[in-house]
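Contents: one structure, followed by commentary.
Labels below follow one simple rule: chain letters A, B, ... track the order of the sequence lines, proteins then strands, and each chain is numbered from 1. This one's a predicted model, so the numbers in the text were calculated from it and none came from an experiment. Quick note: numbers below take in every heavy atom, side chains included, and nothing from hydrogens, waters or symmetry partners.
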Amino acid sequence: MALTFFEKVLQVVAKIPHGKTMSYKQVARLAGSSNACRAVGNILNKNYKHQIPCHRVIRSDGTPGGYNRGENRKIKLLKKEGAL
DNA sequence: CATTTGACGCCAA
DNA sequence: TTTGGCGCCAAAT
């Protein structure tokens, strides 16, 4: 597989079911590092694909955090999907 | 190779 | 409750 953390994160995020949300910590954990929460955010920021539901990835506090397309976009999508 | 960055997480004050 | 600071990680420059 030789997947870098970068690839793993994308795969994990892509696995998030519709109407659900995961915290960066959870994603980082599944990606292989329990505390790479920072790296996860950084990766998603530089590599946002509409193929990747990055808007389903939020902070542990429940706050949406940020989004390349605008936080508003993220919040809207989550509400629409019923994640909130 | 060394340094910087960043959509974070958790704790203490 | 809110703010500030520290820790941790991987990619980018």
Side-chain angles (χ1 to χ4, degrees):
Chain A
M1 294 293 272
L3 297 179
T4 58
F5 195 78
F6 170 71
E7 301 270 324
K8 287 189 196 172
V9 169
L10 298 183
Q11 293 295 311
V12 173
V13 174
K15 284 172 189 175
I16 302 177
H18 175 224
K20 290 276 216 169
T21 50
M22 285 181 84
S23 59
Y24 293 95
K25 198 168 125 186
Q26 293 294 337
V27 175
R29 190 176 164 82
L30 296 176
S33 300
S34 318
N35 39 314
C37 40
R38 302 205 69 147
V40 172
N42 203 347
I43 287 162
L44 293 178
N45 186 9
K46 287 175 173 162
N47 295 272
Y48 68 99
K49 300 181 178 239
H50 72 95
Q51 195 167 3
I52 308 294
C54 353
H55 59 263
R56 289 189 198 147
V57 184
I58 60 174
R59 294 182 46 149
S60 309
D61 305 277
T63 42
Y67 197 55
N68 291 5
R69 309 288 313 260
E71 299 175 51
N72 186 274
R73 181 71 185 188
K74 186 174 188 174
I75 297 167
K76 225 165 173 180
L77 285 165
L78 291 172
K79 287 194 139 206
K80 227 173 152 191
E81 296 191 349
L84 292 178

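If you walk DNA chain C from 5' to 3' and mark each nucleotide with an atom closer than 4.0 Å to a heavy atom of chain A, the marks span C/dG7 to C/dA12.
In this structure, the side-chain hydrogen bond (donor to acceptor under 3.5 Å, both in side chains) partners of A/E81, at least two apart in sequence or on a different chain, are A/H55, A/R56. By the side-chain contact (heavy atoms from CB on, under 4.5 Å) test, A/E71 pairs with no residue at all, sequence neighbours left out. In this structure, the side-chain hydrogen bond (donor to acceptor under 3.5 Å, both in side chains) partners of A/D61, at least two apart in sequence or on a different chain, are A/R59.
When rounded to the nearest whole Å, the span between CE of A/M22 and P of B/dG9 equals 12 Å. In this entry the distance linking CG of A/N42 with P of B/dC8 reads 10 Å, nearest Å.
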Review item, side-chain donor-acceptor pairs of residues 18-40 of chain A, under 3.5 Å, at least two apart:
unit_1	atom_1	unit_2	atom_2	d
A/S23	OG	A/Q26	N	3.3
A/Y24	OH	A/K74	NZ	3.4

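Linking Ile, Leu, Val, Met, Phe, Trp and Tyr whenever their side-chain heavy atoms come within less than 4.5 Å puts A/V57 and A/F5 in one cluster.
For the contact set between residues 65-78 of chain A and DNA chain B, defined by any heavy atom under 4.0 Å, the members are A/G66, A/Y67, A/N68, A/K74. Near DNA chain B, meaning a heavy atom under 4.0 Å from it, residues 28-41 of chain A has A/C37, A/R38, A/A39, A/G41 in order of number. Looking at residues 5-12 of chain A, you'll see A/F5, A/F6 sit with a heavy atom under 4.0 Å from some atom of DNA chain C.
Between A/N45 and B/dA7, a side-chain N or O to OP1/OP2 separation shorter than 4.0 Å is present.
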note = Dot-bracket for DNA chain C, 5' to 3', Watson-Crick and G-U pairs with both distances under 3.5 Å, [ ] for crossing pairs, | for partner on another strand, reads .||||||.|||||
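A distance of 7.0 Å separates CG of A/L78 from CD1 of A/I58, quoted to the nearest 0.5 Å. In this structure, A/E7 CD and A/Q11 CD are separated by 7.0 Å, a value rounded to the nearest 0.5 Å. In this structure, SG in A/C54 is found 9.0 Å from CD1 in A/I16, a value given to the nearest 0.5 Å.
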Taking only nitrogen or oxygen atoms into account, show me every contact under 3.5 Å that the protein makes with nucleotides 10-13 of chain B, one pair per line with its distance.
unit_1	atom_1	unit_2	atom_2	d
B/dC10	OP1	A/K25	NZ	2.4

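Evaluation of the side chain to side chain donor-acceptor pair (under 3.5 Å) test over residues 43-52 of chain A, restricted to residues two or more places apart or in two chains, returns A/N45-A/N68.
When all heavy atoms are compared, the tightest approach of A/I75 to A/P64 is CG1-CG, 3.7 Å. Smallest separation of non-hydrogen atoms from A/P53 and A/A14: CD-CA, 3.8 Å.
Within 3.5 Å, no donor on the side chain of A/Y48 pairs with an acceptor on the base of B/dA7, nor the reverse.
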